[in-house]
Amino acid sequence: MAKRMRLLLLGGTGDAAALAARLAGDLRIEAITSLAGRTQAPAAIAGRLRTGGFGGTDGLAAYLAHEKIDLLIDATHPYAARMPHAAAEACTRMGMPRLRLLRLPWAQVDGDRWIAAADLAAAATMLPGLARRVFLTTGQRDLDAFASLTDTWFLIRLIEPPAAPLPLAHCEIRLARGPFRVKNEINLLREHRIEALVSKNSGGEATYGKIEAARALGLPVVMVERPAAPTGETVGTIDACMAWLETRMS
Ligand SMILES: NC(=O)c1ccc[n+]([C@@H]2O[C@H](COP(=O)([O-])OP(=O)(O)OC[C@H]3O[C@@H](n4cnc5c(N)ncnc54)[C@H](OP(=O)(O)O)[C@@H]3O)[C@@H](O)[C@H]2O)c1
């Protein structure tokens, strides 16, 4: 039997977990999923798991060499700004095949009232005058950008209770893990008298319910644009990742 390929799967997304599940049991490949370690109790991952940063591009390159990795799939979140560039640099340096799994962004449809923001800071400057009660779904690490908005009330949805108080003057925390259904999202927006949303354009189904809910209620969505991604082979689905792997395993 041919040598088992070793794959490093950069994770932290539902897609990465789903890909790891697809690969579990495939005797031709051993996948190691890597998580940054931000979530205390991440969803279960099939197969081998490692946790924590590598220490930049050099640290990642050293890990790839030490673990005798053959291939890398970067399935980090579309808003992971640093890891994809480190992965691209390390793989280029080592001549290692690399694929990015990047979900297609959502596209505006009739009835959507999106306002594009180049980044979180730009999103924050748009809120005064637009809304006093805001559903902010960008994630806990991104709240500092909104700290100066002391006249705005925020509904914040998090997976886990925050380790430290949030940097917002007026907010309520709601703990929940997706997927979120549109009917429940409409109820949530109504219950809290939300006037606008701030969202990343994550793509996929799991968190699209809030976008549909905003459309149904005629609410504006400040949509933060994605950070620049490295160039290189990119696919949008797990099936396409499997096809890429197949060509390298046969
Ligand atoms: N940003 C978001 O909105 C978002 C949303 C959902 C999930 N996530 C997930 O959360 C993780 C961190 O996101 P981030 O925005 O902080 O990303 P980032 O800015 O690209 O990464 C910051 C640092 O965290 C470490 N890191 C990131 N992803 C890693 C991984 N899969 N395995 C090991 N180390 C990793 C790296 O540390 P070293 O330099 O030390 O190697 C990296 O330089 C990512 O895995 C991402 O997929 C992010």
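As a basis for the values below, the full set of heavy atoms in this structure was taken, side chains included, without hydrogen atoms, waters or symmetry mates. These numbers come from a predicted model, not from an experiment. In this chain, numbering begins with 1 at the start of the sequence shown. Numbering of ligands and ligand atoms starts at 1, following listing order.
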Any atoms of ligand 1 less than 4.0 Å from a non-hydrogen atom of Arg50? List them with their elements.
33 (C)
Any Leu60 heavy atom less than 4.0 Å to ligand 1
no
With heavy-atom distances below 4.5 Å as the criterion, would you say the side chains of Glu89 and Leu60 are in contact?
no
Arg174 vs Leu188 side-chain heavy atoms within contact, under 4.5 Å
yes
Atom 48 (C) of ligand 1: nearest protein contact (heavy atom, Å)
His77 CB, 3.5 Å
With backbone taken as N, CA, C and O and side chain as the heavy atoms from C-beta onward, which portion of Leu35 lies under 4.0 Å from ligand 1: side chain, backbone, both, or neither?
backbone
Considering only non-hydrogen protein atoms, determine which one is nearest to atom 1 (N) of ligand 1 and report residue, atom name and distance to 0.1 Å.
Tyr79 O, 3.4 Å
Hey, is Arg38 close enough to Glu160 for a salt bridge, meaning N to O under 4.0 Å?
no
Sidechain N-carboxylate O distance under 4.0 Å for Arg22, Asp239
yes
If the test is side-chain contact (heavy atoms from CB on, under 4.5 Å), which one of Leu23, Asp15, Leu19 qualifies with Cys241?
Leu19
Tell me, do Leu8 and Leu71 make a side-chain contact under 4.5 Å, heavy atoms counted?
no
Between Gly14, Ala36, Ala90, flag the one that comes closest to atom 11 (C) of ligand 1 by a heavy atom.
Ala36
Side-chain heavy-atom pair Glu246, Arg28 within 4.5 angstrom cut-off:
yes
Could you check if a side-chain atom of Val222 sits within less than 4.5 angstrom of a side-chain atom of Trp114, using non-hydrogen atoms only?
no
Relative to the heavy atoms of Gly53, which atoms of ligand 1 are at a distance of less than 4.0 Å?
34 (N), 37 (O), 38 (P), 40 (O), 41 (O)
Atoms of ligand 1 less than 4.0 Å from Lys200 heavy atoms?
1 (N), 2 (C), 3 (O)
For ligand 1, is Gly56 a contact, meaning one of its heavy atoms is under 4.0 Å away?
yes
What atoms in ligand 1 come closer than 4.0 Å to a heavy atom of Ala81?
18 (P), 19 (O), 20 (O)
What do you reckon, does Gly11 put a non-hydrogen atom under 4.0 Å from ligand 1?
yes
Under a heavy-atom criterion of less than 4.0 Å, does Gly55 contact ligand 1?
yes
Looking only at protein heavy atoms, which one is nearest to atom 7 (C) of ligand 1, and how far off is it?
Gly12 O, 3.2 Å
Less than 4.0 Å is my threshold; does some heavy atom of Gly52 fall inside it relative to ligand 1?
yes
Of the choices Arg141, Met83, Arg82, which has the non-hydrogen atom that lies closest to atom 14 (P) of ligand 1?
Arg141
Could you find the nearest protein heavy atom to atom 41 (O) of ligand 1 and give me its residue, atom name and distance?
Phe54 N, 2.7 Å
Determine, stepwise, if the pair Thr137 / Arg157 fulfils side-chain hydrogen bond (donor to acceptor under 3.5 Å, both in side chains).
CA-CA 6 Å; Thr137 63; Arg157 184 158 58 199; over 6 Å; no
So which protein heavy atom does atom 24 (O) of ligand 1 come closest to, and at what separation?
Arg38 NH2, 3.2 Å
Should the pair Glu30-Arg6 be classified as a salt bridge under the 4.0 Å nitrogen-to-oxygen rule?
yes
Ser34: numbered ligand 1 atoms lying under 4.0 Å from its heavy atoms:
30 (C), 31 (N), 32 (N), 33 (C)
Heavy atoms only: give me the nearest Ala16-Leu10 pair and the separation to one decimal.
CB-O, 4.3 Å
